[in-house]
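Input: a single structure, listed below in structure tokens.
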Amino acid sequence: AQSVAQPEDQVNVAEGNPLTVKCTYSVSGNPYLFWYVQYPNRGLQFLLKYITGDNLVKGSYGFEAEFNKSQTSFHLKKPSALVSDSALYFCAVRDIAGNTPLVFGKGTRLSVIA
Amino acid sequence: KAGVTQTPRYLIKTRGQQVTLSCSPISGHRSVSWYQQTPGQGLQFLFEYFSETQRNKGNFPGRFSGRQFSNSRSEMNVSTLELGDSALYLCASSLAVSSGGEYEQYFGPGTRLTVT
């Protein structure tokens, strides 16, 4: 069965500093990987995805993520955090091979402090 | 293009009642998924539909059911409501065709269900 782990419930970072939100996954085959962000009282918004090809993918709002197959990780990064980046971030995985649903991690709350 | 819409946005129901939630996907999207979001459990997968067929079902009791119509609109129903069903129910649509799991999902704002 596929699964996603986001080991940190909360990440705090100062504005202007780089940020990293961690994600590791488990699938039987190869993964499709996604990051979503949720602002208060709103649905999830798509940030970026890894399907195939270059391990470094760039997404919305200056975010990027690096796919590392050997470490089964897909960490979300941003070089310089903004206060407006404060939100709940979800990593999700889907196995390429099978007809399986998208599975989400439990989410990481990012707080960017001015 | 209009986004995913969900109705109603808020619901208050009593234990034992039943409820129907509605989702209209983005125009042209034929795949619709439903999720339950709670503070303790995160996002739990409920159903996935494509062209009126249920492709996947999550680990929820039979009280939870859903369907998709020919215009891709979807509904989910919860019967005999329990206090633990209080949650934000999110609907998402995507361009996925057949087994196109590489397509990202677009989420609606959710329906906040409170069971008293």
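First the proteins, then the strands, lettered A, B, ... as listed; each starts at 1. Both backbone and side-chain heavy atoms feed into the values below; hydrogens, waters and symmetry mates do not. Only a predicted model underlies this, so the values are computations on that prediction, with no experimental measurement involved.
Environment of CZ in B:Arg73: crowded, with over 12 heavy atoms of neighbouring residues, nucleotides or ligands closer than 6.0 Å. Summarising the local packing, CZ of B:Arg15 is surrounded by 12 or fewer heavy atoms from other residues, nucleotides or ligands at distances under 6.0 Å. Annotation for A:Ile113: atom CD1 counts as buried by contact number, over 12 foreign heavy atoms lying within 6.0 Å.
Atom OH of residue A:Tyr36 and atom OH of residue B:Tyr106 lie 8.0 Å apart, to the nearest 0.5 angstrom. Note that NZ of A:Lys106 is 11.5 Å distant from CD of B:Gln37, once rounded to the nearest 0.5 Å. B:Glu102 contributes atom CD, which lies 13.0 Å from atom CG of A:Leu33 (distance to the nearest 0.5 angstrom).
Tracing side-chain contacts under 4.5 Å through hydrophobic residues (I, L, V, M, F, W, Y), one reaches B:Leu11 starting from B:Val78; they form part of the same cluster. Under the 4.5 Å side-chain contact rule for hydrophobic residues, A:Val112 and A:Val21 share a cluster. Residue A:Phe90 is not grouped with residue A:Val37 when hydrophobic side chains (ILVMFWY) are merged at heavy-atom distances under 4.5 angstrom, including chains of intermediate members. A chain of hydrophobic side-chain contacts below 4.5 Å, direct or via other Ile, Leu, Val, Met, Phe, Trp or Tyr residues, connects A:Leu76 to A:Tyr39. A single hydrophobic cluster is not seen to contain both A:Leu110 and A:Leu88; linkage of ILVMFWY side chains at heavy-atom distances under 4.5 Å, directly or through other members, places them apart.
Both the backbone and the side chain of A:Leu102 have a heavy atom closer than 4.5 Å to some heavy atom of chain B. Only the side chain of A:Gln38 comes within contact range of chain B, with at least one heavy atom under 4.5 Å from a heavy atom of that chain. Heavy-atom distances place both the backbone and the side chain of B:Glu104 under 4.5 Å from chain A. Heavy atoms closer than 4.5 Å to chain A are found nowhere in B:Gln6, neither backbone nor side chain. Only the side chain of A:Ile51 comes within contact range of chain B, with at least one heavy atom under 4.5 Å from a heavy atom of that chain. Residue A:Tyr50 does not touch chain B at all, counting heavy-atom pairs closer than 4.5 Å.
Under the 30°/60° scheme for interplanar angles, the aromatic rings of A:Phe104 and B:Tyr35 are found to stand perpendicular.
Contact between A:Gly43 and B:Leu90 at its shortest, heavy atoms only, is CA-CD2, 4.2 Å.
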